[in-house]
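Report on one structure; see the data block that follows.
In what follows, chains carry the letters A, B, and so on, assigned in the order in which the sequence lines appear, proteins first and then strands, with residues in each chain numbered from 1.
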Amino acid sequence: MMETAYIKGNSFIHKMDSRSKMICLLFSIILVFLPIELIGVLSFTLFMLFLSIFCAGIREGLRPIKLILPVLTMMVLLSPFYGSEGNVLLQIKGVNLLYESGALRVARLGSRFICLTLLFSLLIKTTTRNDMLSGFRSFGMPFQAALTVSLILRFIPTTAKTMNMINDSHIIRKIPGKKKNKFKEFIPQLISAIVYSLRSINPLGRTLSQRGLQLKNKRTRLHVLGNWKKPLFEICIFLFFSVPYVLIFWR
Amino acid sequence: MKRQNPAINISVIAILTAITVVFTGFLPPIPTGHGYLNLGDVAIFFAALTFGPYAGLIAGGLGTALADIILGYAQWAPISLITHGLEGLLIGLIISLGRKGNITKFFACIVGIITVAAGYFAGGTILNGAPEALLEIVPNLIQASVGCILGLIVSFGVIKAYPPVKGLYVSFGKNDNTKSE
């Protein structure tokens, strides 16, 4: 069961503070949408690809690209709809299939899409669940919201296991030789799984109350990150490289 | 609406969001050219119909966004968060504010379906451009419609099989004296 997408590693991105990673991600997203030259977007995408492979290995580093490959293929196939000005680059039997403007727009949108995908996957693959939550908490996320997220992450594998368990029990109950009605079999499975999961609400609520959820002196605390020195230094380094990049490639 | 115990509110939201993540990501999602079709909408409709707008908002938005992140479609997570969150909120609001009846449920379903299609069209246009986003409208409409029908059936079935669920409606009253850390 995939509970978290974190990949253990020793790269400098792994060592970065989760807060600076989140702020750098935000800046990078803004950067991707700025009006910069196509060559700038492409070079940033290539850099992100290199970083992704460097931090997560070739297989995991390229996995996000593999996932979005169908979308990219469709974008290339639909390129005439993205623009029909300029020179015709591809013509089959008198039909103009690819124009210069369409190709350039698809290249820009495609590389932006790849870049965004790599940015998000890099954050998730190099940050542990606890660090991520502590990062959100330090940005002012209320205690109860952080607690809820940590409970959600705790209950995802349990709920998935419940679904599998109920599915298996329904398979055992099936009468051999009887004609299958997938829909009729599927709905009771869903209902059973939901009811089974909902039954844990009251015990969980009681546990939270016992741990002092509504009290000032709570008996449970979330991990707290250190001061802002390190993240500020990391953000400054990011800006040191990204500001000249924007100035060079600004349209 | 009677104020619910905060511990119960957190528990309900956590469990419902986990159910939404599992329905979205782990019940065999059907890959399409643009992403994947899933049963997340069943869980969102169920949460909003049974537990109200707050549960629909949080379980819908957070659940689908987390599923996107876990499955590797993280770039869609902000769009899913807003679209499905809004879907859950609107369905829950219509159900809770409107008259109890099939017409209200039908109207809530239509609003939910339109919200999903419009939200993903807007998000897809930002990410991939309008022509690509246009192709997603029909699959999204189908996914949301199936989710709506199954959500109604599941909601009815769960209330019948587990009546205490009615007492777990998520509500935050004005006199909520819960203090944060």
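- For the pair A:Ile194 and B:Phe23, the minimum side-chain heavy-atom distance is below 4.5 Å.
- Enclosure of atom CZ in A:Phe27 is not indicated, since only 12 or fewer non-hydrogen atoms of other residues, nucleotides or ligands lie within 6.0 angstrom.
- Across A:Leu208 and B:Ser11, no two heavy atoms sit closer than the pair CD1-OG, 3.7 Å.
- With a 4.5 Å cut-off on side-chain heavy atoms, A:Phe155 and B:Leu16 do not count as touching.
- Within 6.0 Å of CG in B:Leu97 there are more than 12 heavy atoms belonging to other residues, nucleotides or ligands.
- Your options are A:Thr73, A:Thr207, A:Leu151, A:Leu198, and the one with the most heavy-atom pairs under 4.5 Å with chain B is A:Leu198.
- In the displayed structure, A:Asp168 atom CG is contacted under 6.0 Å by more than 12 heavy atoms of other residues, nucleotides or ligands.
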Contacts table for residues 150-162 of chain B: side-chain donor-acceptor under 3.5 angstrom, sequence neighbours left out:
{"residue": "B:Ser155", "atom": "OG", "partner": "B:Thr50", "partner atom": "OG1", "Å": "3.1"}

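- When all heavy atoms of A:Ile156 and B:Val22 are compared, the closest pair comes out as O-CG2, 3.7 Å.
- Rounding to the nearest 0.5 Å gives a distance of 9.5 Å between CD of A:Gln144 and CD1 of B:Ile13.
- Once rounded to the nearest 0.5 Å, the distance linking CZ of A:Phe186 with CG of B:Leu39 reads 4.5 Å.
- Per-residue heavy-atom pair counts under 4.5 Å with chain B were compared for A:Ile29, A:Val149, A:Thr159, and the maximum is reached by A:Thr159.
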For residues 117-127 of chain B, which side-chain N or O atoms pair as donor and acceptor with protein atoms under 3.5 Å away, sequence neighbours left out?
{"residue": "B:Tyr120", "atom": "OH", "partner": "B:Ser80", "partner atom": "OG", "Å": "2.6"}
{"residue": "B:Tyr120", "atom": "OH", "partner": "B:His84", "partner atom": "NE2", "Å": "3.0"}
{"residue": "B:Thr125", "atom": "OG1", "partner": "B:Phe121", "partner atom": "O", "Å": "2.6"}

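- Across B:Ile15, B:Leu62, B:Ile58, B:Thr20, a single residue satisfies side chain to side chain contact (heavy atoms under 4.5 Å, CB included) together with A:Ile152, and that is B:Leu62.
- Contact detail for A:Gly205 and B:Ala7: the closest heavy-atom pair is O-CB, 3.4 Å.
- Looking at A:Arg199, the atoms closer than 4.5 Å to chain B (heavy atoms on both sides) sit in the backbone and in the side chain alike.
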